[in-house]
Amino acid sequence: MGSLRNPVGPLPSSIYWRRRVFMLSALVVLALLIAWIVTSNNGGGKKNAGGSDGKNPVSTITPGPSGSGPAISQAPGGRDGSSSGSDGGSSGGTGGAPSTGSGSASASSGTSGSSGSSGSSSGSGDDVTSGSGGTVASLPGSSALPNCTAGSVALSLKSLRNSYSPEQTPTFELAARNTSSSDCKIDLGPKNAVLTITQASADDSYWSSADCPKAAGSRWYRVPAGSSITYTLKWDRKPSAAQCATPSAGSAGAGTYLLEAAAPGYPKTQASFVLAAD
């Protein structure tokens, strides 16, 4: 113990004390450096294990959107009188392509459909327009308007062309003119105001709006006093069959055809047209 307090050697004791202080300081610094390294490694491991440190957010996997299918907007069943467009058959409408003769009487109610295997009447009721050209909306059957009668309303029928070439779509107009001073309502449903097409040389009709319409119910429309409404029908030249039976194949051939409209309580009205040869 005396040699520790009083160093023994040829050099002055102050030199030995300085050496001792330097060695102790170096040992302390080394110990502190080791402790700092150990502490830093432990802290970094905890940060990595614990997740985000605020500077490098932890990536997360989020599930993608569920693969839900499209909603079914069509009503179930085959002949629903819907006005939503095609139901899987031949497309119809303004382009002159075939569509099912539903007797539809609003601008958007010409329902397309198949005209072959189902036997549906192949014609499209494109619209009912007023005398001023505007579209006429249908009325509920319970409307308080009185029913039109033959004494106040006259029906007339015409083909827009006298002759149709093979690429043209036969188009017909059924007009109801009210000559009275009061509004009334008329039923232009396909089974009430029945349109038929018959080849001039045949006895039986080739096509009828009553055979297999998409919507067989009544279609009531207001006929304003002193004015008229017009129902437009486009025909795809396909035959129809009663009670939705399968009609004969093919399309109407060249020749002269008679067009007729018949509604209860009204006299029949007729027109004619020609389907030209190729």
Side-chain angles (χ1 to χ4, degrees), residues 1-100 102 104-118 120 122 124-129 133-140 167 169 214-215 217 219 234 236:
M1 293 294 292
S3 63
L4 291 175
R5 285 181 294 202
N6 299 305
V8 178
L11 299 175
S13 62
S14 61
I15 293 176
Y16 292 106
W17 278 113
R18 287 174 186 170
R19 289 178 178 175
R20 289 177 179 178
V21 171
F22 177 76
M23 291 296 293
L24 288 173
S25 298
L27 290 173
V28 170
V29 171
L30 181 61
L32 291 175
L33 181 60
I34 293 173
W36 180 79
I37 292 173
V38 172
T39 303
S40 297
N41 288 340
N42 289 341
K46 291 179 181 178
K47 286 182 181 179
N48 291 338
S52 173
D53 60 0
K55 297 180 182 179
N56 298 305
V58 178
S59 298
T60 58
I61 299 175
T62 57
S66 61
S68 59
I72 297 174
S73 60
Q74 290 183 335
R79 301 175 177 85
D80 56 358
S82 168
S83 61
S84 60
S86 173
D87 63 357
S90 304
S91 62
T94 59
S99 61
T100 300
S102 61
S104 160
S106 68
S108 61
S109 60
T111 309
S112 344
S114 61
S115 61
S117 61
S118 67
S120 57
S122 306
S124 65
D126 285 343
D127 55 12
V128 170
T129 55
T135 300
V136 179
S138 60
L139 299 173
E167 66 274 8
T169 300
K214 282 288 182 180
R219 298 289 180 93
K234 293 183 178 182
D236 65 356

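Residue Val136 comes nearest to Thr129 through the heavy atom pair CG2-C, 3.6 Å, listed as atom of the first residue, atom of the second, then distance.
With sequence neighbours left out, the side-chain contact (heavy atoms from CB on, under 4.5 Å) criterion links Arg18 to no other residue.
Under the side chain to side chain contact (heavy atoms under 4.5 Å, CB included) rule, Ile37 has a single partner from Leu33, Ile34, Thr39, which is Leu33.
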